[in-house]
Amino acid sequence: MRPTQNFIFRYAKGAASAFSNWVLESALSRIVTRGCLSVTTSNGQKLSFGDGSGERIHVSFADLAAQWAFLIDADLRLGELYMDRRFLIERGSLHDFLAMMLREAQNAHHPLIARLIDRARTWLRIFRHRNLPARSKANVAHHYDLDGRLYELFLDADRQYSCAYFESPDQSLDAAQHAKKRHLAAKLQLGPGKSVLDIGCGWGGLALHMARHVQGGHVLGITLSEEQHGYAQKRLAEHERMKADIQFALQDYRSLSGRFDRIVSVGMFEHVGLASYRAFFEKCADLLEDDGIMVLHTIGCSATPGFTTPWLDKYIFPGGYIPALSEILPEIENAGLAVADIEVLRLHYAWTLAHWRKRFLARWQEAAALYDERFCRMWEFYLASAEAAFRYEDLVVFQIQLSKRNDVIPVTRDYICQHETAAAQSSKADLEGAAEHDTDDILIG
């Protein structure tokens, strides 16, 4: 390269870096008004944001392209940049940075290009989430058919991979997950001889818990994950003392037939797809007895409808979608089901994810041995960003109780507390007699 050309190239590169730094400073100064954020740009310039309060967070960009990627489409590119070590946390933690961004962004006026991209993704959401059976199975395999040892690193002993129910903020993860199972069982009004369908049964913990409340009855848990199905079958073989018939099937809900007294679905509806909501609730209505009860436990949005974060859709939950209540209720009504009760769990998932994130980070090396360092950075970004979103954005959990008749559920909520109190006392009695039971049996009781 000739000296003149080299000078022009260096001048253009310097000008591009200076312009990028100006855009970055302009954008972040509108967002970060509290806290203490330091940013080292791709050309080494140091920028500061916030009012200087709290612990300092320091991040840096490895190259100019990474800096522009963050500015143009942080929803997709920030996670990728962190995975590829082109966005680095120099001081503090990834969660500290994400929490600051989401907390402060609530009061910020976002750049025009970001608002246009968000509107386009919201408008296109209906076309991207028609999860037919084959696609549903592929989507499930992408996430849930990972090595089961990965989930053992950060979940509770019962492998409950959904929002726990914290009776107090300082409750342990295992206790809160057990409380979640009690809470759901109470709303389902389980009893001897009842038949129960668990749509999206995961590793089987909830189905096994419910089986203890339907002596002489039947529990069917279905999943599309081969890994989960195999694990649930193994657990079932280890619990021969159950007084109810339990079955786990590798099956799509759309292929089911028959009738059930109770239907429960926890953490599965997020994978149904917006275009398939009507089919889901119509199928549930067909499967539910006329005097039956259904409880749907799903992540939801407490604001107006939006879109799935593109990074999450690409790397973690392909085909997933977080619905607003306004998108769920019309399809319930069209299916001939009636809403008996809606409970909104706020902050419970943020606390759940905080436990998962800390447990995962403590066992990082074991996860890296199963996969690699890039996978670990991806998983950390997933847990940290989700925790921050549930704490500072409009993500919640809906528990929607459904029926066909208005006389099958008590007219006040007193029965829920009564059931939970009785179940807790029964569980305590089981613990006191632990010498007669194995550990896993205690955890799911």
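The chain is numbered in sequence order, starting from 1.
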Assess the residue pair E80 and R77 against the criterion (salt bridge (charged side-chain N to carboxylate O under 4.0 Å, His left out)); give the C-alpha distance rounded to whole Å, side-chain angles, the decisive distance to 0.1 Å, and a yes or no. CA-CA 5 Å; E80 294 180 333; R77 299 305 305 279; 2.8 Å; yes
Go through the steps for L94 and F381 under the test side-chain contact (heavy atoms from CB on, under 4.5 Å), then give the verdict. CA-CA 7 Å; L94 174 65; F381 191 89; 3.8 Å; yes
Taking the six-membered ring for Trp, are the ring centroids of [X] and [Y] within less than 6.0 Å of each other?
{"X": "Y144", "Y": "Y151", "value": "no"}
{"X": "F87", "Y": "F97", "value": "yes"}
{"X": "H143", "Y": "Y161", "value": "yes"}

Using modelled atom types and a 3.5 Å cut-off, is there a donor and acceptor pairing between side-chain atoms of [X] and backbone atoms of [Y]?
{"X": "R159", "Y": "G148", "value": "yes"}
{"X": "D51", "Y": "G35", "value": "yes"}
{"X": "S42", "Y": "F61", "value": "no"}
{"X": "S225", "Y": "Q228", "value": "yes"}
{"X": "Q399", "Y": "V295", "value": "no"}
{"X": "S20", "Y": "W68", "value": "no"}
{"X": "T352", "Y": "H348", "value": "yes"}
{"X": "D96", "Y": "S93", "value": "yes"}
{"X": "E270", "Y": "I299", "value": "yes"}
{"X": "Q401", "Y": "K187", "value": "yes"}

Are any non-hydrogen side-chain atoms of [X] and [Y] less than 4.5 angstrom apart?
{"X": "Y315", "Y": "M83", "value": "yes"}
{"X": "Q189", "Y": "R262", "value": "yes"}
{"X": "L370", "Y": "F375", "value": "no"}
{"X": "Q365", "Y": "E373", "value": "yes"}
{"X": "W311", "Y": "I316", "value": "yes"}
{"X": "H297", "Y": "H183", "value": "no"}
{"X": "L188", "Y": "M210", "value": "yes"}
{"X": "I400", "Y": "I332", "value": "yes"}

I need the single residue from V39, I89, T40 that forms a side-chain contact (heavy atoms from CB on, under 4.5 Å) with S60. Which is it?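 When V39, I89, T40 are each tested with S60, the side-chain contact (heavy atoms from CB on, under 4.5 Å) holds only for T40.
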Among E227, E226, Q233, which residue satisfies the side-chain contact (heavy atoms from CB on, under 4.5 Å) criterion with H229?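 Of the listed residues E227, E226, Q233, the side-chain contact (heavy atoms from CB on, under 4.5 Å) partner of H229 is Q233.
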Looking at every heavy atom in both [X] and [Y], which two are closest together, and how far apart are they?
{"X": "G54", "Y": "C36", "result": "O-CB, 4.4 Å"}
{"X": "A303", "Y": "A324", "result": "O-CB, 3.5 Å"}
{"X": "H95", "Y": "A384", "result": "CD2-O, 3.7 Å"}
{"X": "K181", "Y": "G205", "result": "CD-O, 4.2 Å"}
{"X": "A389", "Y": "L395", "result": "CB-CD1, 3.8 Å"}
{"X": "I199", "Y": "C284", "result": "CD1-SG, 4.0 Å"}

Is there a side-chain contact (heavy atoms from CB on, under 4.5 Å) between R91 and S38? Walk through the geometry before answering. CA-CA 9 Å; R91 180 171 176 173; S38 299; over 6 Å; no
Do [X] and [Y] have side-chain N/O donor and acceptor atoms under 3.5 Å apart?
{"X": "N21", "Y": "Q67", "value": "yes"}
{"X": "Q45", "Y": "T41", "value": "no"}
{"X": "S195", "Y": "D261", "value": "yes"}
{"X": "D174", "Y": "S172", "value": "no"}
{"X": "Q160", "Y": "D158", "value": "yes"}

H355 and ring pair (Phe, Tyr, Trp, His ring centres under 6.0 Å): which single residue from F166, F154, F360, Y349 fits?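 Passing option: F166.
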Supply the atom-to-atom distance C376 SG to M378 CE, rounded to the nearest 0.5 angstrom.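 Interatomic distance, C376 SG to M378 CE, rounded to 0.5 Å: 9.0 Å.
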Between W379 and Y371, is the ring pair (Phe, Tyr, Trp, His ring centres under 6.0 Å) condition met? List the steps. CA-CA 11 Å; W379 210 258; Y371 291 97; 8.2 Å; no
After noting the C-alpha distance and the side-chain angles of T223 and W203, does the key distance pass the side-chain contact (heavy atoms from CB on, under 4.5 Å) rule? CA-CA 9 Å; T223 178; W203 289 278; over 6 Å; no
Under-4.0 Å salt bridge between R182 and E167: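 Yes, R182 and E167 are salt-bridged.
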Carboxylate-amine/guanidinium contact E152 R149, below 4.0 Å: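 No, no charged N to carboxylate O under 4.0 Å.
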Let's go through Y82 and F70 carefully: what are the C-alpha distance in whole Å and the side-chain angles of both, what is the deciding distance for ring pair (Phe, Tyr, Trp, His ring centres under 6.0 Å) to 0.1 Å, and is it a yes or a no? CA-CA 10 Å; Y82 185 73; F70 170 78; over 10 Å; no
Under the criterion salt bridge (charged side-chain N to carboxylate O under 4.0 Å, His left out), I'd like the reasoning laid out for R254 against D252: C-alpha separation, chi angles, the key distance, then a yes or no. CA-CA 5 Å; R254 285 163 283 207; D252 192 291; 2.9 Å; yes
Does R359 form a side-chain contact (heavy atoms from CB on, under 4.5 Å) with L173? I'd like the steps, not just the answer. CA-CA 11 Å; R359 286 172 170 228; L173 178 62; 3.6 Å; yes
